[in-house]
Structure formats: C-alpha cells, structure tokens
Enquirer: 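This structure is in structure tokens; I'll ask about it shortly.
Computed from heavy atoms alone, side chains included, the values below leave out hydrogens, waters and symmetry copies. For this chain, numbers begin at 1 and follow the sequence in order.
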Amino acid sequence: MSEQIRNITGNVLCDATATFLNGAGLANGEDQNTVIPKTFKETVNGRKEDVPYVSAQAWRRWLRNTVNEENGWQPSELHAIEKNTKGATSKVATELDPVIYPEDDLFGYMKSGSKGEESIQRTSPFKTSILKGIPKMRALTTDNAFVFPKDGTPLPYSTRFYSTHLEGFFNLECYRLGSFVNTPSRVELSKDLIEKYKETLEEENSQKNVQVYTLQDVEQLRKKRAAGLLKGLVHLRGGAKMAAFGADVSPKVIVFAGMSSANPCFNNLYIGSGERPRLNVDLLKELAADYKDKLQTPVYIGIRKGYLENEEEVKALAGDDFMVDTPIKIVELFVDKYLR
C-alpha cells in the first residue's frame, strides 16, 4: 500500500427490491400477527415517511461472515464469557486476538473486565453507516398469508416488506491495522497477547504512558487485510427471511477511493426520481474537486450493467480522476494497483 493511503472511504448501493432484510419484531396494537422490518421516520414534503433501513450491526455481521468465507479466514467466534446468578449469559466476547484473527483487527472488540481482570477495547478501524432507502424510491407493502393446520381453521399472518435501494457509506482506517495502542484508560492488546506474541511485536513508547505494539511486516499485513475486506464487501451476502424474500445484497454500485483523511465524503450520492436510481455525477465531480488534496487515488466506481438510469453518463467519467468498471472488477483493479 502506498504510504499516503491512510484510509479507504466509500459508498455502496444494494438492490432491495421486494425484500425483508432486517426485522423489528411484531407490529404494535392490533397487528400482533404482523412481522415488520426496521424503519425510521423522515419528513418529506412536510409529511412523515417510513424509511426502511438495515442496522449497522446487522450488515456488519453479514460482512464479517462474507469476509471470512471469501478469504478463507478463521472466524473469531462469539463466546459467552460470563453468566449471571440465574445462569443466563451476561457478557460475550470474540477471541479478542487481532494477530491470528483478521476479523478482530478489522472490526474491533470489547471485553469489560471484572474481578480484577483488565478491560480490553479496540474500536473498529472499519466505520459504517446504516443502509437506508434512497429518497423517492422506498415503498412498503404487506404480504398476507395463512397457515393451514390439519385440524382447525386457517391461521392468518402477515409480513411487511419493502422495495427500495439501500445506500450506506464506510471508512477503513488502514493505518491502524496491525497496530495496537495501550494507554492507562484503554487497552487494545491484552497482557497475555503481548507476552504470547512478543517475538513478532515491535513496541514504541513515543508518548508518556502510551505503548504502541505493531506487528512485523505490518505494511504487507495491512494490504492483505484491506484487500480482504474490499473483496468481502463487493461479494456481500446475508439478510433475514431469505426463504420468502430472497435478495442479492452484493453492491450494484460501489464508489471508493484512497484518502489521507478519514472523511466519509461519499454519501447521499443517489437520485431516485426515475424508474431506476441515478448516480449523482455532478456531486461526484464536486467531491473529487473539493477533496483533491485528500484523495490519494482516483475515485473508483463499480456499476452493475443495466442497474443505473444514467449508466452511460457514469461510464463517460472514466479518465485520470475516475476509474469505472463492474463492482468486482473495480475492486480487483484497486487491489492490483495499491494492495499487492
């Protein structure tokens, strides 16, 4: 990776036509037999409108699973680490080992210490928004159905689902991968792991009471893990109720670039006034100009053929400042140039 690339920041757009990807339980009131998806209220033209969304927790879990599967990485399994007096789980944690498990390095972890144990917390180097339906292209409807028991009357049930296009943005702090900071108020690498991996860790004490532990050959490790994350992102899969409302959630559009700053500037990129989404080309050009001193690579744009209403306008961007190809190919081009 080029030394200037401290962050990879970008945006994804997923096709959520007739889907139910993240549930919110049962409806209130008299609709106790209706399962509903997650929505929030937004004011549009003076009235409140339901906006379907997928929580960051949900789609990050999809991504964690996809990243591990696509790269053959060993998952950092979630374990119950403490139970209450009734025997119910009160605390959970992953393996808490960012050396062996790339997932822990990329997505972070936390363990609250008790009974004299040290508390451990690594904030995620990979930051994300929720996935939310783009304006003017978000419709919700209800599917009414029945269960027919062998004995008895039919039992009705309903599922509310939506048709929209889900936009989300992200930023990966590449410079933090393979590097762990311990301070008096926050410990990223436990004492046990420091001892376990002491032969492969380099320690730096540039500030008082601050220890920085960095893995040997960290630049190559950062390339590998950043490339693995992008590969998982472009092959993203997951979601609730896939048997009834199956969906291909892999991004149909991905826009990203290497940046020296952590500004997640690629957001609200889509216009939903037509039959298909439009990528706001004028906004992209403006962002490229405004962040010219922060961008360390061209802006990479991956689009699925036939998905965008202004596909030809987007393809015409290709040149020194923009690279355009399919979602999977554009990630491969970026990886080949910057992450090998």
Side-chain angles (χ1 to χ4, degrees), residues 1-14 42 51 53-56 59-60 63 106-108 123-137 165-177 222 226-227 229-230 232-234 236 251-273 277-304 307-308 310-311 313-325 327 330-331 333-335 337-339:
M1 184 189 302
S2 170
E3 290 184 359
Q4 296 97 333
I5 301 179
R6 291 173 58 81
N7 301 271
I8 297 173
T9 192
N11 175 290
V12 293
L13 186 67
C14 305
E42 186 172 85
V51 180
Y53 77 95
V54 173
S55 70
W59 83 270
R60 286 169 69 90
L63 182 57
L106 287 160
F107 293 94
T123 58
S124 174
F126 183 63
K127 310 292 196 298
T128 62
S129 69
I130 63 173
L131 296 176
K132 66 176 182 177
I134 65 174
K136 299 182 180 179
M137 299 191 86
H165 303 270
L166 295 168
E167 177 185 15
F169 56 87
F170 64 88
N171 184 75
L172 174 63
E173 297 169 330
C174 303
Y175 67 93
R176 288 184 56 207
L177 300 179
R222 286 171 179 163
L229 181 75
L230 289 175
L233 185 61
V234 82
L236 184 66
K252 301 302 176 289
V253 185
I254 183 168
V255 179
F256 65 99
M259 295 184 67
S260 60
S261 70
N263 299 87
C265 57
F266 299 114
N267 58 76
N268 296 313
L269 295 183
Y270 303 97
I271 301 168
S273 57
R278 294 177 63 87
L279 182 57
N280 192 334
V281 169
D282 289 339
L283 176 56
L284 266 185
K285 290 178 179 178
E286 180 181 282
L287 290 170
D290 277 358
Y291 286 90
K292 186 175 182 180
D293 62 331
K294 304 295 185 185
L295 287 165
Q296 301 301 315
T297 72
V299 178
Y300 281 67
I301 306 170
I303 58 173
R304 181 65 61 217
Y307 182 72
L308 290 177
N310 60 334
E311 179 179 330
E313 183 186 14
V314 175
K315 288 181 176 179
L317 284 172
D320 293 338
D321 297 329
F322 297 93
M323 303 287 290
V324 184
D325 211 310
I330 206 69
V331 165
L333 288 171
F334 186 90
V335 168
K337 187 168 180 63
Y338 300 105
L339 303 179

Enquirer: Side-chain contact, heavy-atom cut-off 4.5 Å: F107 with R60?
Expert: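 Touching, per the 4.5 Å side-chain cut-off.
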Enquirer: Using 0.5 Å steps for rounding, measure from the NZ atom of K136 to the NE2 atom of H165.
Expert: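 One finds 14.5 Å between NZ of K136 and NE2 of H165.
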Enquirer: Mind checking the OH-CG spacing from Y270 to L279? Nearest 0.5 Å is all I need.
Expert: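 Result: 5.5 Å between the selected atoms.
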Enquirer: When rounded to the nearest 0.5 angstrom, what distance separates CZ in F170 from NZ in K127?
Expert: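 Separation between the atoms: 13.5 Å.
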Enquirer: Between the side chain of R6 and the main-chain N/O of Y175, is any donor-acceptor distance below 3.5 Å?
Expert: no
Enquirer: Decide side chain to side chain contact (heavy atoms under 4.5 Å, CB included) for S273 and M137; before the verdict, give the C-alpha distance in whole Å, the side-chain angles of both, and the deciding distance to 0.1 Å.
Expert: CA-CA 8 Å; S273 57; M137 299 191 86; over 6 Å; no
Enquirer: Could you check if a side-chain atom of K315 sits within less than 4.5 angstrom of a side-chain atom of I303, using non-hydrogen atoms only?
Expert: yes
Enquirer: Testing the basics here: between Y307 and P277, what is the closest heavy-atom pair and its distance to 0.1 Å?
Expert: O-CD, 3.7 Å
Enquirer: How far does CG of L287 sit from SG of C265, to the nearest 0.5 angstrom?
Expert: 5.5 Å
Enquirer: I'd like to check D282 versus L284 (side-chain heavy atoms, cut-off strictly below 4.5 Å). Are they in contact?
Expert: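 The answer is no, as the side chains (C-beta and beyond) never meet within the 4.5 Å cut-off.
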Enquirer: Less than 4.5 Å apart, side chain to side chain, heavy atoms only: is that true for L166 and W59?
Expert: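 In short, these two side chains do not touch, never coming nearer than 4.5 Å.
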Enquirer: Hey, are the side chains of K132 and N268 touching, using non-hydrogen atoms and a 4.5 Å cut-off?
Expert: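 Sidechains of N268 and K132: in contact.
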Enquirer: Taking the side chain as every heavy atom from C-beta outward, state whether F126 and L229 have any atom pair closer than 4.5 Å.
Expert: yes
Enquirer: Only one of Y300, Y338, F322 passes ring-ring contact (aromatic ring centres under 6.0 Å, His included) with F256; say which it is.
Expert: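 Answer after filtering Y300, Y338, F322: Y300.
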Enquirer: Which heavy-atom pair separates G168 from S129 by the least distance, and what is that distance?
Expert: CA-OG, 3.3 Å
Enquirer: First locate atom CG of D290, then atom NZ of K285, and finally report the distance between them rounded to the nearest 0.5 Å.
Expert: 14.5 Å
Enquirer: Ignoring hydrogens, what is the shortest heavy-atom contact between E167 and L269? Give both atom names and the distance.
Expert: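 Smallest heavy-atom distance, with atoms named: OE2-N, 3.0 Å.
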Enquirer: What's the verdict on side chain to side chain contact (heavy atoms under 4.5 Å, CB included) for L230 and F334, showing C-alpha distance, side-chain angles and the deciding distance?
Expert: CA-CA 9 Å; L230 289 175; F334 186 90; 3.9 Å; yes
Enquirer: Work out which heavy atom in I8 is nearest to a heavy atom in A226; give both atom names and the distance.
Expert: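 Scanning both residues, the minimum pair turns out to be CD1-CB, 4.3 Å.
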Enquirer: Is it the case that the side chain of N310 and the backbone of E313 share a donor-acceptor pair, with hydrogens and angles ignored and the cut-off at 3.5 Å?
Expert: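 Looks like no, no N/O pair under 3.5 Å.
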Enquirer: Check whether any side-chain heavy atom of T297 sits under 4.5 Å from a side-chain heavy atom of K337, and report yes or no.
Expert: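 Side chain of T297 against side chain of K337, heavy atoms only: no contact under 4.5 Å found.
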Enquirer: Side-chain contact, heavy-atom cut-off 4.5 Å: C174 with R222?
Expert: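 A side-chain contact is absent here, since even the closest heavy-atom pair is not under 4.5 Å.
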Enquirer: Output the distance between atom CD (E286) and atom CG (N280), rounded to the nearest 0.5 Å.
Expert: 9.0 Å
Enquirer: According to side-chain hydrogen bond (donor to acceptor under 3.5 Å, both in side chains), who are the partners of R176, at least two apart in sequence or on a separate chain?
Expert: T123, E173, E188
Enquirer: Tell me, with the steps shown, if D321 and V299 meet side chain to side chain contact (heavy atoms under 4.5 Å, CB included).
Expert: CA-CA 6 Å; D321 297 329; V299 178; over 6 Å; no
Enquirer: One pair to check against side chain to side chain contact (heavy atoms under 4.5 Å, CB included): K252 and L13. What are the steps and the verdict?
Expert: CA-CA 6 Å; K252 301 302 176 289; L13 186 67; 5.8 Å; no
Enquirer: State whether the side chain of S124 and the backbone N or O of L106 hold a donor-acceptor pair below 3.5 Å, judged by distance alone.
Expert: yes
Enquirer: What are the two closest heavy atoms between N267 and N11, and how far apart are they?
Expert: CA-ND2, 3.8 Å
Enquirer: By side-chain hydrogen bond (donor to acceptor under 3.5 Å, both in side chains), which residues pair with N7, not counting sequence neighbours?
Expert: N171
Enquirer: Any idea which heavy atoms bring D325 and I330 closest together, and the distance?
Expert: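 Closest approach of D325 to I330: N-CD1, 3.6 Å.
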Enquirer: Do side-chain atoms of T9 reach the backbone of F266 as a donor and acceptor pair under 3.5 angstrom?
Expert: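 Not at all, since once roles are kept as given, no pair shorter than 3.5 Å links the two residues.
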